[in-house]
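Accompanying notes for the structure given below.
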There are 2 protein chains.
Amino acid sequence: MGVETGETEAGETQVAIMEAAFRALCTHGYSNLTIDRINGEFDKSKSLLYYHYDDKDEILLNLLDYTVGQFTIEDTVDPSDDPDIRLQTLIEEILPWTLDAEPRSFQIALHELRSQALSHEEYRERFARFDQFMSSSIAEIIADGIEEDVFRQVDTERAAEHIYATIAGAMFRRITTDDESAIRTARQGLNEYIDSYLITGED
Amino acid sequence: MGVETGETEAGETQVAIMEAAFRALCTHGYSNLTIDRINGEFDKSKSLLYYHYDDKDEILLNLLDYTVGQFTIEDTVDPSDDPDIRLQTLIEEILPWTLDAEPRSFQIALHELRSQALSHEEYRERFARFDQFMSSSIAEIIADGIEEDVFRQVDTERAAEHIYATIAGAMFRRITTDDESAIRTARQGLNEYIDSYLITGED
């Protein structure tokens, strides 16, 4: 449980290394990434980076812990909003109607790391935790919505896993195909699901 | 348009190369795959393989065309079944309740290739076509279901893209996290969507 780096006070050097690793990952992609290329994005003394890390995966796993450790639902979703608004805000954050260059780079970098989970146990563990965090955040919003009579009495876990799978699938398709028209249609389909299956229509 | 290799008569040598490439991809993963390792899985004269291909991506793109070219919905789904059965059969094929070792290797290999689409235009094109094929196959089943009064009068494209995104997201999560419990819950959620949103309940 918990995310190691996020829980400790990440020092200035650590943050600089994480930022360098992220820039290098976006520029070169995972396969072509080397510790030297991360160094190339790193302003401070190169020896510092070699002092802290043995290989690129150690840096990248730390980058993942650092990024996920920083992320809280409250940064994205205002807890004082109604549950239906909170759900739409979270969806818009992960699967926006249009994806700008910067969040796009971020999603591509995240998926570059995620595809390492196909063969690396340590990446797999991180993404298992990340997905559980995301789907339980959605489940909490749904549970609040049921309590406040905004949503119907659905099975919260099933509805949350369903919504999260839909968002994740559309997001992955977006960055591996650029088929924006399909993504818009999928998002409209998701909205129809929420309107017809979740929302009580009593507000 | 269409899939080049799948449309021509793939010769015996080509098929043997494709099978060797698939085995080598499953064994070594994309990053560690080399044309020599594909050769290692190839029974025939090694020079044949070098004669046909310049690099591993050329072989893998061909493998993708060959695999997708072979796949037809009718191999999986009996066209004489009712549309609701056809839809469930297709979902069970892509997102089975339990994933055996062989289809698991196949899904992992396919996703190894798919993640190349994050940075390679040629992979991107292939997967854009593949996704369009899958979602339009689902849309056809839904359209048939509406015509036969098995399904409600929903927007077929939106429902199809929604279902395909859900399946794809859950499938990707399954092979990058092993969280089978979450996948079962997501599939139950999808079934509830189909039962409550699509099925008319008039049969």
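Chain letters run A, B, ... following the sequence lines, proteins first and then strands; every chain starts at 1.
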- Task: Nearest 0.5 Å please: distance from the CZ atom of B/R152 over to the OG atom of A/S196.
- Result: 8.5 Å
- Please state whether the side chain, the backbone, both or neither of A/E125 comes within less than 4.5 Å of a heavy atom of chain B. neither
- Message: Taking side chain as everything from C-beta outward and backbone as N, CA, C, O, which of these in B/Y164 sits under 4.5 Å from a heavy atom of chain A? Side chain, backbone, both or neither.
- Response: side chain
- Does CD belonging to B/E147 count more than 12 external heavy atoms closer than 6.0 Å? no
- Message: So which atom in B/E161 and which in A/A182 form the shortest heavy-atom distance, rounded to 0.1 Å?
- Response: OE2-CB, 3.7 Å
- Task: Under 4.5 Å, counting heavy-atom pairs only, tell me which of B/A159, B/A165, B/A160, B/G29 racks up the most with chain A.
- Result: B/A165
- Task: Working to the nearest 0.5 Å, report the span between CG of A/L118 and CG of B/L110.
- Result: 10.5 Å
- Query: Is the gap between the ring centers of B/H162 and A/H162 under 6.0 Å?
  - Reply: yes
- Item | Approximate separation, where rounding is to 0.5 Å, of A/F172 CZ and B/R173 CZ | 15.0 Å
- Task: Find the distance between OG (A/S31) and OH (B/Y30) and round it off to the nearest 0.5 Å.
- Result: 6.5 Å
- Contact leader toward chain A among B/E192, B/H111, B/E157, where contacts are heavy-atom pairs under 4.5 Å: B/E192
- Name all residues meeting the side-chain hydrogen bond (donor to acceptor under 3.5 Å, both in side chains) criterion together with B/T185; count only those two or more places apart in sequence or in a different chain, and write none if there are none. none
- Within 6.0 Å of CD in B/Q153, more than 12 heavy atoms from elsewhere: no
- Query: chain B heavy atoms under 4.5 Å from A/D179: which part of the residue, side chain, backbone, both or neither?
  - Reply: side chain
- Message: Using only non-hydrogen atoms and a strict under-4.5 angstrom cutoff, which residues of residues 88-107 of chain B touch chain A?
- Response: B/R104
- Task: State the CD1-CZ distance between A/I175 and B/R114, to the nearest 0.5 angstrom.
- Result: 9.5 Å
- Task: Identify which of A/R187, A/M171, A/Q132 forms the greatest number of heavy-atom pairs closer than 4.5 Å to chain B.
- Result: A/Q132
- Query: What part of B/F127 gets closer than 4.5 Å to chain A, counting heavy atoms only: side chain, backbone, both or neither?
  - Reply: both
- Message: To the nearest 0.5 Å, what is the distance between CD1 on B/I163 and OH on A/Y193?
- Response: 12.0 Å
- Measure A/N191 against the heavy atoms of chain B and call it side chain, backbone, both or neither at under 4.5 Å. neither
